[in-house]
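Structure first, then comments.
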Amino acid sequence: MIQIAPSILSADFNHLGRQISQVEALDVKILHIDVMDGMFVPSISFGMPVIASIRKNTKLFFDVHMMVQDPQRYVEALAKSGADMMTIHAEACHCIADTIQKIHDHNMKCGIAINPDTPISAVESYLQDADMILVMSVQPGFGGQKLIPETLDKITALHRLRQENGWKYLIEVDGGVNADTLESVARTGVDIAVAGTAVFGGDIESNLKKLRGVIADAS
Ligand SMILES: O=C(CO)[C@H](O)[C@H](O)COP(=O)(O)O
Ligand SMILES: [Fe+2]
């Protein structure tokens, strides 16, 4: 069954702790946390002090999406902040293999993200070691964008490669997932669907119910 990972980028930061408790009470297991540095992407979101602070109030799995240049610089600090998984972009440094090792040495899971224009071949040599591959279905940097349907073909291909080779990585999709797009997303074999606006925009409980209804109908 596909899991929904709410992205706090679209949460109300004035009530962040409360909204995180709310999704946790609604049986969410994974919280998606978007860190942006204003270099790899144009926006700046938030960093380790915020993550360390929300860590004190929740047992949710922290899936941290690092939209930052040279993410290897932040492995130690992110581990200290209480992250469970650090996802780095294939486009963001030339030392992916070393960074995967470093992330694992700091007892975090490691995800590799690819932008809409990045082919799977860019991450092929890491598929054996990665714990997750994040397929961006929008250009990274902003919430509330429209899903690019062509990106879903990469998920289908990653799903097939995993089956053929007995690899273990999870597959996550991020960007533009909502009740209208989730049906086609669900057909790809994806494991985790990130949803920001579609969870935090409006009533959280009914939003989650709607998204889970689409998943149940599609399976
Ligand atoms: O990584 C991201 C943006 O770069 C966000 O996780 C993503 O955009 C979620 O927001 P929405 O569901 O509103 O598209
Ligand atoms: Fe994200």
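Atoms within a ligand are numbered from 1 in the order they appear, just like the ligands themselves.
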remark   = With heavy atoms and a 4.0 Å threshold, my read on which part of Ala195 contacts ligand 1 is backbone
Nearest-neighbour protein heavy atom for atom 13 (O) of ligand 1, which is reported as residue plus atom name and distance = Thr197 OG1, 2.4 Å
key: Numbered atoms of ligand 1 (with element) below 4.0 Å of His65, judged on heavy atoms   = 1 (O)
query = So is there a nitrogen or oxygen of Gln139 less than 3.5 Å from a nitrogen or oxygen in ligand 1?
reply = no
request  = Quick one: pull up CD1 in Ile44 and CE in Met36 and give me the separation to the nearest 0.5 Å.
outcome  = 11.0 Å
inquiry  = Rounding to 10°, state the angle centred on the Fe ion (ligand 2) that links ND1 in His65 with NE2 in His32.
reply    = 100°
note = ligand 1 to Gly175, heavy atom cutoff 4.0 Å, flagged ligand atoms 14 (O)
inquiry  = Under 4.0 Å from a heavy atom of Gly143: which atoms of ligand 1 are those, numbered in the order shown and with their elements?
reply    = 8 (O), 10 (O), 13 (O)
key: Atoms in ligand 1 flagged as close to Met67, the criterion being non-hydrogen separation under 4.0 Å   = 1 (O), 4 (O)
task = May I ask you to identify the nearest protein heavy atom to atom 12 (O) of ligand 1, giving residue, atom name and distance to one decimal place in Å?
result = Gly196 N, 2.8 Å
Pairing of Asp63 and Lys29 as salt bridge, 4.0 angstrom limit = no
ask   = Looking at ligand 1, does Ala198 have a heavy atom less than 4.0 Å from it?
value = no
message = So that I can tick it off, tell me whether Glu76 and Lys80 are bridged by a salt bridge, with the cut-off set at under 4.0 angstrom between side-chain N and carboxylate O.
response = yes
remark   = Residue, atom and distance of the protein heavy atom nearest atom 11 (P) of ligand 1 read Gly144 N, 3.6 Å
remark   = Heavy atoms of Gly82 and Phe62 approach each other most closely as O-CD2, 3.9 Å
request  = Write out the residue and atom name of the closest protein heavy atom to atom 14 (O) of ligand 1, then the distance separating them to 0.1 Å.
outcome  = Gly176 N, 2.9 Å
query = Which ligand 1 atoms are under 4.0 Å away from a heavy-atom of Val194?
reply = 6 (O)
ask   = Counting distance only, does the side-chain N/O of Asp12 pair as donor-acceptor with the main-chain N or O of Asn14 below 3.5 Å?
value = yes
task = State the atoms of ligand 1, each with its element, that fall below the 4.0 Å cut-off from a heavy-atom position in Asp34.
result = 1 (O), 2 (C), 5 (C), 6 (O)
ask   = To the nearest 0.1 Å, how far is atom 8 (O) of ligand 1 from its closest protein heavy atom, and which atom is that?
value = Phe142 O, 3.3 Å
query = Quick check: does any side chain N or O of Asn115 sit under 3.5 Å from a backbone N or O of Asp117, one acting as donor and the other as acceptor?
reply = no
ask   = Atoms of ligand 1 less than 4.0 Å from His32 heavy atoms?
value = 6 (O)
remark   = Rounded to 10°, the OD2/Asp174 to the Fe ion (ligand 2) to OD1/Asp34 angle comes out at 180°
key: For atom 7 (C) of ligand 1, the protein heavy atom that lies nearest, with its residue and separation   = Asp174 OD1, 3.0 Å
task = Compare every heavy atom of Pro6 with every heavy atom of Val28, then report the nearest pair and how far apart it is.
result = CG1-CD, 3.5 Å
request  = Identify the protein heavy atom lying closest to atom 4 (O) of ligand 1, giving its residue, its atom name and the separation to 0.1 Å.
outcome  = Gly141 N, 2.8 Å
